[in-house]
**Student:** 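Just passing along the structure, written as structure tokens.
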Amino acid sequence: MNTINNHTSQKPPVVASELLEKYSSAITLSDMEIFIYPDLLYSLVLANIMSPVVWQWRDDPWFAKIDTMNPYRRIVRLKQFIMDHYDFNLDLDTWGLTHKDTELDRFKDVMDPEIIAESNALFGYTGDRYYFDMNIRKHFGLDKYDSDMIPYWKTETVEAMDAFCYRDGYRNGAGECVSLSTLYAAALFVVCKIPLEDIFLMATPLHSQNFVDVKEGLVTNNRRIVTKNMWFNGTELSARAQRALRNEQVTMVAHCSGNIHVVYPDVSIDPEAYQRFSDKLVTYLKVDLNQEILCNFLREHSSLQKCFQISQMRHGKKRWIAAEKVYSYEHGSSFKASDNTREKLLDEIDSYDYSPEPLEGRIDLERFEAFFKKHPKVNLDKQKMRSALVAEFNCPQQNACELIDKLREFVEISPRLPEYEEKSVVDVPPIVLTQEMDRHQVIDALTAIRQQNPVVDLGFYALRDMCSCDWGPFVKAAMERNPVAVVATENLSDDAVIEKLSAMENASIYSEGRLAQPDEVWNFQRGDGVERAFCLADIWRARYADDEIVLDVQSGIARLSFGGRQVEWSTAKGLEHHLLL
């Protein structure tokens, strides 16, 4: 049986009252909580690393020969596994609604409410001009939450992601961007054996991605990965991957050595690691301009294709074709207009699409082949080079200087990263895990430093390891931040609620010693006896706030006493506990 080792023979320490909000947030892991408490981002990575689920992937036939592959090929293998098993889920109603004022009041002593409102999408953040133009709140479905009610935008553990297959309308597991980025980070280490030191998590107000220091670098973006070549290929997928880094401030960067947050004055990430990350990311986000990159640029900026034509020798005669016609043929072909397969793409196009004479008012891309041979290193920051390039772009339909500016933006993105120099360094023991460790050795290593490293300690709470954690944070989260079960049962009588929970499948989405929250029980319609008891307690407290509710777990039975009633359900969690809820 997959279990978390019970490393403590004594009762786990009680979480101090001033830390209870933070530690309970490690249970619910909403987008806003992670923004307020940056330690939580990497704590979820550690929870997934300690989970038996990700380690079981190593036994999947898909990964049978992964140790014979180079690091990049391993990552590609992992990418396809994630693509096949998980959907990107942006259903903001999954985890219910809360009040803006309630959430702001929770964090008023931690962060200025004005800063929260300026930096978090749930409170009206719309980003820079790009996001205003595309109406980003409508794009994400946030426009319907312009009242005082906002959704819990919760991040899922790997177990909760897998459990989406039990919901109507889902065939696979599912998760939002933070869920997928933390899952990727864990699986890169466990399955691909990429050192944790080479994995950096980046969060912006609207997105979460990872930068992995492999080859020229790569970025994980939701379910996909993006290499440097892919980043600049001009496709819609690449444009989407670029959106956050191109248009948003990076709020935080998390790493095995620590983290840095744009708001807080303290920093724990190792300075050399952060400098390496910054240097590698800047290099990744910049590419030399050449013929191929120009053609990629035109693929993304399709409105500019009208300025260009492409020529080809066919049957001993030169012919011309509109650039947009060539790009349209890419959709049904494995060949591209931008690389060394262009001639094969042109061969696929029927002769009647060509003109025997140059098209009036269009630039022949052939001119740029000669230009780039003459200028192999095009530096758009130098005025002389810009002037030379402007002279080539003599399209009457487009201002050449504006076109050059767009091209300059395409070939180089300057990421807005938190400034390290302005921070005060806080020393914490680094998280040192090696690729040779098995799961239990990983847990042992993390247990050894959890009292000195808050991120590691929070990792056990995100894991829901109730054998080695104080139950207080779990109870607080269960009773205060699980509205789905309460709302879903509003029209049911008390007896009907109990009957509904009793009829649920007696199976947990988590392994022994770990517990699901009430809304996980309700959303996935299954739960161990202890989990269903918490779900019932959550519903009962919402109905009868003054009733005493007592949970007693022992000898394989979870007994809930409430409002003069008592229910008993069997439990296989191996837990013993007595508490007043």
**Student:** To the nearest 0.5 Å, what is the distance between CE (Met313) and CG (Leu346)?
**Tutor:**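 Rounded to the nearest 0.5 Å, the CE-CG separation comes to 13.0 Å.
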**Student:** Would Arg342 and Glu369 satisfy salt bridge (charged side-chain N to carboxylate O under 4.0 Å, His left out), going step by step from the backbone distance to the final call?
**Tutor:** CA-CA 13 Å; Arg342 183 197 296 171; Glu369 292 178 5; 3.4 Å; yes
**Student:** When you check the side-chain N and O atoms of Arg299 and Ser338, is any donor under 3.5 Å from an acceptor?
**Tutor:** yes
**Student:** Please list, chain by chain and in numerical order, all residues satisfying side-chain hydrogen bond (donor to acceptor under 3.5 Å, both in side chains) with Glu402, sequence neighbours excluded.
**Tutor:**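 Glu402 satisfies side-chain hydrogen bond (donor to acceptor under 3.5 Å, both in side chains) with no other residue.
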**Student:** Please tell me whether Phe164 and Tyr86 form a close aromatic pair, meaning their ring centres lie under 6.0 Å apart.
**Tutor:**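 No - the distance between ring centres of Phe164 and Tyr86 does not fall below the 6.0 Å cut-off.
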**Student:** Got a salt bridge between Glu366 and Lys318, using NZ or NE/NH1/NH2 to carboxylate O under 4.0 Å?
**Tutor:** yes
**Student:** I need the Leu417 CG to Met202 CE distance, nearest 0.5 Å.
**Tutor:**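 It comes to 8.5 Å.
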**Student:** Indicate the atoms forming the closest heavy-atom contact of Cys256 with Tyr42, along with that distance.
**Tutor:** CB-OH, 3.4 Å
**Student:** At their closest point, which heavy atom of Leu40 faces which heavy atom of Glu33, and how far apart are they?
**Tutor:**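 It is CD1-O, 3.7 Å.
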**Student:** Take Gln242 and Ile413 through the side-chain contact (heavy atoms from CB on, under 4.5 Å) test and state the conclusion after the steps.
**Tutor:** CA-CA 9 Å; Gln242 291 181 8; Ile413 297 172; 4.0 Å; yes
**Student:** Is the number of heavy atoms from other residues, nucleotides or ligands under 6.0 Å of Arg73 CZ greater than 12?
**Tutor:** no
**Student:** Tell me whether Gln209 contacts the main-chain N or O of Val219 through its side chain, where contact means a donor paired with an acceptor under 3.5 Å.
**Tutor:**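 Absent.
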**Student:** Are the side chains of Phe372 and Leu289 in touch, meaning some heavy atoms are under 4.5 Å apart?
**Tutor:**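 Yes; the side chains approach each other to less than 4.5 Å.
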**Student:** Indicate yes or no for a side-chain donor-acceptor contact from His85 to the backbone of Gly173 under 3.5 Å, with no hydrogens or angles considered.
**Tutor:** no
**Student:** Which residue pairs pass the side chain to side chain donor-acceptor pair (under 3.5 Å) test when at least one of the two sits in residues 343-353, sequence neighbours left out?
**Tutor:**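 Pairs touching residues 343-353 that pass the test: Gln312-Glu343, Gln312-Asp347, Arg314-Ser351, Tyr329-Asp353, Ser333-Glu348, Asp350-Tyr352.
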**Student:** Go through the side-chain N and O atoms of Gln383 and Ser387 and say whether any donor and acceptor fall under 3.5 Å apart.
**Tutor:** yes
**Student:** Without hydrogens or angle criteria, can the side chains of Ser25 and Thr28 be said to hold a donor-acceptor pair below 3.5 Å?
**Tutor:**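 No.
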**Student:** Can you find a side-chain donor-acceptor pair between Asn523 and Tyr166 that sits under 3.5 Å?
**Tutor:** no
**Student:** Under 3.5 Å, is there a donor-acceptor pair between the side chain of Asp339 and the main chain of Thr341?
**Tutor:** yes
**Student:** Do Arg408 and Glu412 meet the salt-bridge criterion of a basic N to acidic O distance under 4.0 Å?
**Tutor:** yes
**Student:** Counting N and O atoms only, with roles assigned by atom type, does the side chain of Arg74 sit under 3.5 Å from a partner on the main chain of Met69, one being a donor and the other an acceptor?
**Tutor:** yes
**Student:** What residue pairs, at least two apart or across chains, pass side chain to side chain donor-acceptor pair (under 3.5 Å) with a residue in residues 57-67?
**Tutor:**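 Found none.
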**Student:** Only counting residues at least two apart or in another chain, list the ones meeting side-chain hydrogen bond (donor to acceptor under 3.5 Å, both in side chains) with Asn210.
**Tutor:**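 Asn210: side-chain hydrogen bond (donor to acceptor under 3.5 Å, both in side chains) contacts with Thr220.
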**Student:** Run the ring pair (Phe, Tyr, Trp, His ring centres under 6.0 Å) test on Tyr184 and Phe189 for me, step by step, so that the C-alpha distance in whole Å, both residues' side-chain angles and the decisive distance to 0.1 Å come before the verdict.
**Tutor:** CA-CA 9 Å; Tyr184 249 117; Phe189 172 73; over 10 Å; no
**Student:** Using modelled atom types only, decide if a donor and an acceptor are shared between the side chain of Gln309 and the backbone of Ile363 within a distance under 3.5 Å.
**Tutor:** no
**Student:** So Leu304 and Phe297, do their side chains get closer than 4.5 Å, heavy atoms only?
**Tutor:**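 Phe297 vs Leu304: side chains touch.
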**Student:** At what distance, to the nearest 0.5 angstrom, does CG of Leu365 lie from CZ of Phe371?
**Tutor:** 13.5 Å
**Student:** As an exercise, state the distance from NZ of Lys228 to CE of Met230, rounded to the nearest 0.5 Å.
**Tutor:**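 One finds 14.5 Å between NZ of Lys228 and CE of Met230.
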**Student:** Thinking salt bridges, do Glu300 and Arg240 make one under a 4.0 Å N-O criterion?
**Tutor:**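 A salt bridge is absent here (no side-chain N lies under 4.0 Å from a carboxylate O).
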**Student:** Can you name the ring pair (Phe, Tyr, Trp, His ring centres under 6.0 Å) partners of Tyr284, sequence neighbours left out?
**Tutor:**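 So Tyr284 forms a ring pair (Phe, Tyr, Trp, His ring centres under 6.0 Å) with Phe211, Trp231.
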**Student:** How close do Leu345 and Lys336 get, heavy atom to heavy atom, and via which atoms?
**Tutor:** CD2-C, 3.7 Å
**Student:** Quick one: salt bridge (charged side-chain N to carboxylate O under 4.0 Å, His left out) partners of Asp91, sequence neighbours excluded?
**Tutor:**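 If we apply the salt bridge (charged side-chain N to carboxylate O under 4.0 Å, His left out) test to Asp91, skipping adjacent residues, there are no hits.
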**Student:** Nearest heavy-atom pair of Asp198 and Ile194: which atoms, and what distance?
**Tutor:** CB-CG2, 4.2 Å
**Student:** Hey, could you give me the CZ/CG distance between Arg276 and Leu281, rounded to the nearest 0.5 Å?
**Tutor:**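 Interatomic distance, Arg276 CZ to Leu281 CG, rounded to 0.5 Å: 12.5 Å.
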**Student:** From the options Thr155, Val455, Asn259, Thr182, select the one residue that forms a side chain to side chain contact (heavy atoms under 4.5 Å, CB included) with Leu41.
**Tutor:** Thr182
**Student:** Check whether the side chains of Arg224 and Asn221 place a donor and an acceptor atom closer than 3.5 Å, and report yes or no.
**Tutor:**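 On atom types as modelled, these side chains do not qualify, holding no pair under 3.5 Å.
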**Student:** Between Lys377 and Asp288, does any side-chain N to carboxylate O distance fall below 4.0 Å?
**Tutor:**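 Between Asp288 and Lys377 there is a salt bridge, with a charged N closer than 4.0 Å to a carboxylate O.
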**Student:** Tyr420 and Pro271: which non-hydrogen atoms are nearest, and at how many Å?
**Tutor:** OH-CD, 3.3 Å
**Student:** Keeping the roles fixed (side chain from Lys423, backbone from His261), state whether a donor-acceptor pair exists under 3.5 Å.
**Tutor:**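 Side chain of Lys423 to backbone of His261, a donor-acceptor pair under 3.5 Å: yes, one is there.
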**Student:** Just so I know, are the side chains of Ser414 and Leu285 near enough to count as touching, which here means a heavy-atom distance under 4.5 Å?
**Tutor:**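 Heavy-atom side-chain distance check fails, nothing below 4.5 Å.
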**Student:** Do you see a donor-acceptor pair shorter than 3.5 Å between the side chains of Thr235 and Asn233?
**Tutor:** yes
**Student:** Please answer whether the main-chain N or O of Cys295 pairs with a side-chain N or O of Tyr327 as donor and acceptor at a distance below 3.5 Å.
**Tutor:**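 Indeed, once roles are kept as given, a pair shorter than 3.5 Å links the two residues.
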**Student:** Of all the heavy-atom pairs spanning Val53 and Glu159, show the shortest one and how long it is.
**Tutor:**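 Heavy atoms of Val53 and Glu159 come nearest at CG2-OE2, 3.7 Å.
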**Student:** Sub-3.5 Å donor-acceptor pair from the side chain of Trp55 to the main-chain atoms of Ile49, do we have one?
**Tutor:**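 Yes, Trp55 side chain to Ile49 backbone: donor-acceptor pair under 3.5 Å.
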**Student:** Please verify the inter-ring angle class for Phe368 with Phe393; under 30° counts as parallel, over 60° as perpendicular, anything in between as tilted.
**Tutor:**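 Geometry flag for Phe393 against Phe368: tilted rings.
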**Student:** Is any side-chain N of the basic residue among Arg362 and Glu324 closer than 4.0 Å to the acidic one's carboxylate O?
**Tutor:**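 So Arg362 pairs with Glu324 through a salt bridge.
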**Student:** Working note: Phe63 + Leu78, criterion side-chain contact (heavy atoms from CB on, under 4.5 Å); need CA distance, chi angles, decisive distance, verdict.
**Tutor:** CA-CA 8 Å; Phe63 297 114; Leu78 173 63; 4.2 Å; yes
**Student:** Kindly compute the distance separating CG (Leu201) from OG (Ser208), expressed to the nearest 0.5 Å.
**Tutor:** 6.0 Å
**Student:** Any side-chain heavy-atom pair from Pro205 and Glu248 closer than 4.5 angstrom?
**Tutor:**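 Sidechains of Glu248 and Pro205: in contact.
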**Student:** Hey, is CD on Glu216 packed in by over 12 heavy atoms from elsewhere, all under 6.0 Å?
**Tutor:** no
**Student:** May I ask you to decide whether Arg223 forms a salt bridge with Asp84, counting only side-chain N to carboxylate O separations under 4.0 Å?
**Tutor:**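 Judged by the 4.0 Å cut-off on N to carboxylate O distance, Arg223 and Asp84 do not form a salt bridge.
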**Student:** Ignoring hydrogens and geometry beyond distance, is a side-chain donor-acceptor pair present between Glu176 and Ser179 at under 3.5 Å?
**Tutor:** yes
**Student:** Between Trp95 and Asp519, do the side chains contain an N or O donor and an N or O acceptor separated by less than 3.5 Å?
**Tutor:** no
